[in-house]
Amino acid sequence: MIDILKAIAAKIDEEKDYLTELDNEIADGDHGVNMAKGFDAVVAKLDAMDGKDIGSLLKTTGMTLVSTVGGSAGPLYGTAFMKAGAKLAGKNEMDSNDLVEAMEAAIGGIQMRGKATTGEKTMLDALCPAYDALKAGVEAGDDMKAALTKAVKAAEDGVEYTKTIKATKGRASYIGDRSIGHQDPGATSAFYMLETLLANI
């Protein structure tokens, strides 16, 4: 899990300019920079946590993102990681069912904190279809990699879907119909996280 979190941090850092560019088009242009700063802070804490259970790692990640990432992304992603961490408390290994439960808890945390649902041009438009695909795959007997492959494809499709809808939540909602045609930066960063998880399991 430490390696996965470091890989996510590296991916966010690699894509920070693109994420910021996306955010610039519909909001205040700081999503990539803020997320990279937050994950840099996470990485700085990870080596000291070697040997800790998965739940503790995710909880620390969440608390660090809340305290270091500006805008709405910090509280939303921070809550997601903390809720997932609570679900995986005490576990040193994660199976497919654990992943389904952790993702469900993470999405629940985002919905609670952001008062959002799908179809509002947010990270949920990537995460919710990904969760549905993951759960369906696991229930059909797929192993974790196969189920997560389907989840990543669903998240990618979700990012594409955000281009077609109007933002009704967050800073992007201020520009209304002008947000149509632009992809959501939060959905994009959520997709990157899932893609990186798949590449590192």
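Owing to the predicted nature of the structure, the values given are computational and were not obtained by experimental measurement.
- Hydrophobic clustering (side-chain heavy atoms under 4.5 Å, transitive across Ile, Leu, Val, Met, Phe, Trp, Tyr) groups Leu88 together with Leu198.
- Other residues, nucleotides and ligands contribute only 12 or fewer heavy atoms inside 6.0 Å of the NZ atom of Lys91.
- Within 6.0 Å of NZ on Lys87 lie no more than 12 heavy atoms contributed by other residues, nucleotides or ligands.
- A donor-acceptor contact shorter than 3.5 Å is absent between the side chain of Lys52 and the backbone of Leu46.
- Residues Met94 and Met82 do not share a hydrophobic cluster, clusters being chains of Ile/Leu/Val/Met/Phe/Trp/Tyr side chains in contact below 4.5 Å.
- In the hydrophobic clustering of ILVMFWY residues, with side-chain heavy atoms under 4.5 Å counting as a link, Ile180 and Tyr161 come out apart.
- Residues Ile201 and Phe191 share a hydrophobic cluster, clusters being chains of Ile/Leu/Val/Met/Phe/Trp/Tyr side chains in contact below 4.5 Å.
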message = Walk me through whether Ser179 and Lys121 qualify under side-chain hydrogen bond (donor to acceptor under 3.5 Å, both in side chains).
response = CA-CA 9 Å; Ser179 65; Lys121 205 181 186 90; 4.6 Å; no

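- Rounding to the nearest 0.5 Å places CD1 of Ile54 at 8.0 Å from CD1 of Ile4.
- When hydrophobic clusters are built by joining Ile, Leu, Val, Met, Phe, Trp and Tyr residues whose side-chain heavy atoms come closer than 4.5 Å, directly or via intermediates, Met49 is grouped together with Val42.
- Relative orientation of the Phe81 and Phe39 rings is perpendicular, given thresholds of 30° and 60° on the angle between their planes.
- A salt bridge is absent between Lys37 and Asp40: the closest approach of a Lys/Arg side-chain nitrogen to an acidic carboxylate oxygen does not fall below 4.0 angstrom.
- Here the OG1 atom belonging to Thr117 is positioned 9.0 Å from the NZ atom belonging to Lys169, to the nearest 0.5 angstrom.
- The CD atom of Gln183 lies 11.5 Å from the CG atom of Asp23; values are rounded to the nearest 0.5 Å.
- Contact annotation: the side chain of Ile26 approaches that of Pro185 to within less than 4.5 Å [non-hydrogen atoms, C-beta and beyond].
- To the nearest 0.5 Å, atom CG of residue Leu197 and atom CG of residue Leu194 are 6.5 Å apart.
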task = Determine, stepwise, if the pair Tyr77 / Ser189 fulfils side-chain hydrogen bond (donor to acceptor under 3.5 Å, both in side chains).
result = CA-CA 10 Å; Tyr77 273 126; Ser189 58; 2.7 Å; yes

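- Within a 6.0 Å sphere centred on NZ of Lys6, other residues, nucleotides and ligands contribute more than 12 heavy atoms.
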